[in-house]
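First up is the structure itself, then whatever we jot down about it.
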Amino acid sequence: MKKIEKELEIIGIKPLGEITTTEKQIIVQNVIEQLITLSNIELNFEQIYERLLSTKMYRAHLENNIGKVNYFYKEKTIYFEENMNLEEIEENIIHECLHCIQDQRGEHEELQRMGLCIFEEYKVRGMALNEIGIKYLINKILKRNDKTKIITLLKLMIIITGEDIFIDSLINNNDKFEEKFMEQTNTEFLYYKIQQGMDAIFDLEQEMNKLINIGKEVVNPEIYLNKLNTNKRTINQIFFELQWEIYTKYFGRKIQLIDQLEEIEKYKSELFCFNTWLEIGEEELKYTEFATEQLKQLNQVRQKIEKRKEHTSLIPVGQGPLYKLMKLIRKIFFRPSEYETNK
């Protein structure tokens with residue numbers, strides 16, 4: 001048995017045969033049509049079309065709860081559940097086709113990147129962030145609302161960077177989203193911490209789903225419920241810590257950059273709008289205190305700007321910086337006899 005066949009068997013994939021050319025064309029067309037709805041994003045649709053059309057696609061027995069569709073990156077092949085209707089616009093099909101589009105290889109065909117997920121020599125960075133990114137994109141395409149904690153974290157990041165930059169990085173495999181977030185929060189550490197936190201939440205949610213699926217067969221319900229509750233508490237702890245850091249780092253930096261009066265009102269509006277996306281829970285007092293402190297700082301910033309403007313407006317016309325500069329230039333380039341005023 002070949003190495004690839006052995007790996008497929010371990011995963012739970014038993015290939016049956018390639019799908020028809022017509023089925024493949026329908027899949028590709030459906031995916032392209034969904035991506036076209038993202039009209040603000042610059043995508044190379046010709047390249048996407050060719051990539052998907054050249055990808056091997058098979059029907060298969062899919063076991064071990066690996067889903068209805070699976071992109072097996074080691075052989076760049078998409079496997080579909082044997083009885084799946086491939087003519088329908090199915091979330092799982094879009095998801096795995098997006099992974100195929102994201103697949104970026106190095107000189108020796110080694111996998112380097114898939115959207116927001118970076119494959120380094122000894123570790124993989126951002127796997128959950130990429131998975132959640134694709135889920136967010138599919139929710140947008142299918143016009144669905146998702147209020148899970150991990151999606152909420154991503155939404156907060158997207159509010160900070162802008163959605164177009166996020167989708168651009170997700171599909172076009174670039175660092176614009178990462179760089180913009182780091183710039184807006186004035187730290188690299190937080191982005192990497194969010195990556196790790198999302199990995200932890202994603203794994204805990206996967207474990208919970210498995211527990212829920214076997215819930216009826218559990219011999220000891222008390223141990224089962226304790227494990228579920230422990231996972232929920234850990235997810236909440238990670239989520240609230242990351243949410244707080246995103247909130248405080250972003251607005252803490254942004255207030256330092258305010259230089260004009262109109263920027264103050266813009267800041268206040270953004271602060272109040274951002275608060276509507278937060279899941280505050282039992283920490284309402286902490287968030288209220290932070291927002292109150294920011295508003296106090298805004299008043300101080302306003303006073304400084306107003307004093308600066310007032311001081312500038314009180315400088316006599318003949319004593320301003322421009323007058324002093326012109327006087328210096330005249331002293332340098334003209335002999336004393338050539339000017340007798342404003343000495």
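Count residues from 1 along the sequence. Note that the structure is predicted; figures quoted are calculated from it, not measured.
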Please table the atom pairs, donor to acceptor, closer than 3.5 Å between any side-chain atom in residues 110-126 and protein atoms at least two apart or in another chain.
{"unit_1": "E110", "atom_1": "OE1", "unit_2": "H108", "atom_2": "N", "d": "3.0"}
{"unit_1": "R113", "atom_1": "NE", "unit_2": "G115", "atom_2": "O", "d": "2.7"}
{"unit_1": "R113", "atom_1": "NH1", "unit_2": "D175", "atom_2": "OD1", "d": "2.8"}
{"unit_1": "R113", "atom_1": "NH2", "unit_2": "G115", "atom_2": "O", "d": "3.3"}
{"unit_1": "R113", "atom_1": "NH2", "unit_2": "N174", "atom_2": "O", "d": "2.7"}
{"unit_1": "R113", "atom_1": "NH2", "unit_2": "D175", "atom_2": "OD1", "d": "3.1"}
{"unit_1": "E120", "atom_1": "OE2", "unit_2": "R125", "atom_2": "NE", "d": "3.3"}

Checklist entry - Can you list the steps and then say if T292 with E289 is a side-chain hydrogen bond (donor to acceptor under 3.5 Å, both in side chains)? => result CA-CA 5 Å; T292 302; E289 287 176 347; over 6 Å; no
Checklist entry - If you take all heavy atoms of W277 and K155, which pair is closest and at what distance? => result CZ3-CD, 3.7 Å
Item to check | Any donor-acceptor N or O pair under 3.5 Å, side chains D103, Y71 | outcome: yes
Checklist entry - So, the side chain of R59 versus the backbone of E82: is there a donor-acceptor pair under 3.5 Å, distance only? => result yes
Item to check | For A60 against L16, the heavy-atom pair lying closest together | outcome: CA-CG, 3.9 Å
Checklist entry - What residues form a side-chain contact (heavy atoms from CB on, under 4.5 Å) with K227, not counting sequence neighbours? => result E207, L211, N231
Item to check | Members sharing I11's hydrophobic cluster (side chains within less than 4.5 Å) | outcome: I4, L8, I13, Y58, L62, I66, F72, Y79
Checklist outcome for this item: Residues passing the side-chain hydrogen bond (donor to acceptor under 3.5 Å, both in side chains) test with K14, sequence neighbours excluded, are none
Item to check | side-chain contact (heavy atoms from CB on, under 4.5 Å) partners for K68, two or more places apart | outcome: E81, M84, N92
Next on the checklist: Can you confirm whether or not the ring centre of F251 sits under 6.0 Å from the ring centre of F290?
Outcome noted: no
Item to check | Counterpart residues, side-chain contact (heavy atoms from CB on, under 4.5 Å), relative to L53 (two or more places apart) | outcome: K24, Q25, V28, Y49
